[in-house]
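Here the structure is laid out as structure tokens; the discussion comes afterwards.
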There are 2 protein chains.
Amino acid sequence: MIDPRLITLRVFARCGTIGATAELTGYSPSAVSAQLRELQRVLGMQLLTKDGRGLRLTATGRFLVAGSDPLIAQWENLRAAAMDAGDQVQSRFGLGGFSSAAAQLLAPLAATLRSTRPLLEVQVLEAEPARCFDLLIAERIDLAVIVAMQSDSYGEDDPRFEQRVLLDDPLDVIIPGDHPLASRQTATLEELASEPWITEAAGSTYHSLFTAAFTAVGVTPRIAHEAVEWETHIAFVGAGLGVGLLPRLAPLHGAENVVRLRITGQTKPTRRIVAAVRRGSIASPLIQESLGILQVNANRILTDRLNEDL
Amino acid sequence: MIDPRLITLRVFARCGTIGATAELTGYSPSAVSAQLRELQRVLGMQLLTKDGRGLRLTATGRFLVAGSDPLIAQWENLRAAAMDAGDQVQSRFGLGGFSSAAAQLLAPLAATLRSTRPLLEVQVLEAEPARCFDLLIAERIDLAVIVAMQSDSYGEDDPRFEQRVLLDDPLDVIIPGDHPLASRQTATLEELASEPWITEAAGSTYHSLFTAAFTAVGVTPRIAHEAVEWETHIAFVGAGLGVGLLPRLAPLHGAENVVRLRITGQTKPTRRIVAAVRRGSIASPLIQESLGILQVNANRILTDRLNEDL
DNA sequence: ATCAATCATGCATCTATTCTGCATGGTTAT
DNA sequence: ATAACCATGCAGAATAGATGCATGATTGAT
């Protein structure tokens, strides 16, 4: 109910270029350019200035974008309250999440919603956590399941979002089947300090998680290889190239020559998985139901693990 | 920046029929019907129900309309603050007011704005006070000069508007030139109690003002004739048909056989003239400047009167 | 210094939305 | 029973909006 051109401006404020805004919103660059020009005309404000080969927000533009945060939140709030009060049904619902969350949490959620609300059109997008936030801003999705990143620019108290912790997913270590420790059930990071490690490229989502785990125990690992997909990580380990960290949620499903060990010791590295929505929308019955389903699934995963560990 | 369809819904909430909404917003009835249908589809809410040959808001609809008040106010607020912070210029500015205000206050305001802000497109609409509020809701105008009506549904604390008192305009009495009191400067309402009175039709803007003036002194006037325009009032008085009340702001400009007398006594009836804007927009530099100009003009009128009275 | 890459924007074209005007069906009042 | 009123649907028209490519400007690399 907020003018889509203002939404576009907010997306631009996030990514800084017309092209990226177009990619994120689903418009063409020309359309974004025209929209922002029109927005300035209608409001009678100069929101953008040329800056080199790109554009930059003016002070007025930054002011407007920052001030629109509570406006969006209030609209979401009103919408949610009206849906709740009137017992109305939503037509479209967009979900976003990163790979293992998409598989383990989002897929069951979408399936459940499809049965409880047959008229609802559910769309699931697999995307990196940072992109999930952008997609929330762009209103392409309404709920995201992501890994909480303290290093990220989206803090707990960001005025644009509200977040709920779903579960803490521990990191395991995966080692080749012919490794001396392969017969063990658990290992400590110190024991594996001298191993060649496999990680993601610096700057990626999990790299900071990786380094954080090791700095916590005062060890600097030797990074031997880099991989993006967990599949690749596992394959590298199976080929005996080194050892790696693997979140418990990521399945090993019968990989050759790979063993998963629980990490013990004073620090057990985990990644925190949270659900994020646009601020104000959390009271919506659909969001509430979804969060409930997610929480049930998360709890089931946790209790399954407890039973496994016995 | 709020979706125009929501604005249309708010206007509908005021007037209750598609036709009236169309008239007020400037759309055709079909367009209004289509907009509201589309709004319900997009939001996934049922906002309207059939009620006899017309439509009625559902509980959800009323909830949404009521909840949109602060949303609109917040947007106006943001817009005003951004305009103020960025020293930006507005392109369009709509003014509304009733006849004597339009002549005495709005016309000078529009003239001043045209000279101080040549790029600004100023539009003045003459309209009854109640309609001015509707036009504010419909966003056809941005500022209205109206007579404060305690009887009206638009109170001082309406969440949709903010109001500023401009001046209290006293009511004079006009009598025929051959009337026994015509040589006097002042008169009391009691002295004129038995005269045949000329007023507006019951239910009109000034009728309540008229009766309030007399109930305050405990007199029930005999209503002999009714007229809509001040011009007609004056002509009736000039023809010797009776006496009437005339606001000081309404000019007599040399009418034949009509004398204007100040009212004295314990109660001096006045009408309060206020400026009204959409809540939140009052901080806008353009609104601020306009209110300043209006106030200056109002004060000038008051001091002119003081000098006249000496 | 040249070349390539990146970025925003304008224009022509097309598409989709949205509005209008009139006709229709249902509802109330005379 | 007739007339007035109200909302809505449809066909046509107008308008807004999006696309895709070409252009100009700027930056960084060779």
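Order of the sequence lines sets the chain letters (A, B, ...), proteins ahead of strands, with each chain counted from 1. Only a predicted model underlies this, so the values are computations on that prediction, with no experimental measurement involved.
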| said: With hydrogens left out and only the distance checked, is there a donor-acceptor pair under 3.5 Å joining B:S33's side chain and the base of D:dG9? | reply: no
Gap between atoms [atom1] and [atom2], on [X] and [N] respectively (whole Å):
X     : N      : atom1 : atom2 : value
B:R37 : C:dT18 : CZ    : P     : 11 Å
A:K50 : C:dG10 : NZ    : C1'   : 12 Å
B:E23 : D:dC5  : CD    : C1'   : 16 Å
A:I18 : C:dG10 : CD1   : P     : 11 Å
A:I7  : D:dG17 : CD1   : P     : 16 Å
B:L55 : C:dT27 : CG    : C1'   : 12 Å
B:L48 : D:dC6  : CG    : P     : 16 Å
A:Y27 : C:dC7  : OH    : C1'   : 21 Å

I want to verify a distance call: between [options], whose nearest atom is closest to the [X] side chain?
X     : options                : result
B:A31 : D:dT8, D:dA18, C:dT20  : C:dT20
B:S28 : C:dA8, C:dC19, D:dA18  : C:dC19
A:R53 : C:dT6, D:dA18, C:dT20  : C:dT6
B:S30 : D:dA18, D:dC10, D:dC21 : D:dC10

Close side-chain approach of [X] to [Y], heavy-atom, < 4.5 Å:
X      : Y      : value
A:L95  : A:Q123 : no
B:L143 : B:V145 : yes
B:L9   : B:L36  : yes

| task | Could you tell me whether B:E38 contacts a base, only the sugar-phosphate backbone, or nothing, with contacts defined as non-hydrogen atoms closer than 4.0 Å? | result | nothing
| task | Give B:T17 one of three labels, base, sugar-phosphate or nothing, depending on what nucleic acid heavy atoms sit under 4.0 Å from its own. | result | sugar-phosphate
| message | Between the side chains of B:E289 and B:R117, is the shortest nitrogen-to-carboxylate-oxygen separation below 4.0 Å, so that they form an ion pair? | response | yes
| message | Tell me whether A:D158 is salt-bridged to A:R279, with the criterion being a basic N under 4.0 Å from an acidic carboxylate O. | response | no
| request: Give a yes/no answer on whether the side chain of A:Q35 brings an N or O atom under 4.0 Å of OP1 or OP2 in D:dA18. | output: yes
| Closest nucleotide of DNA chain D for B:A20 versus for A:R5: which of these residues is on the 5' side? | B:A20
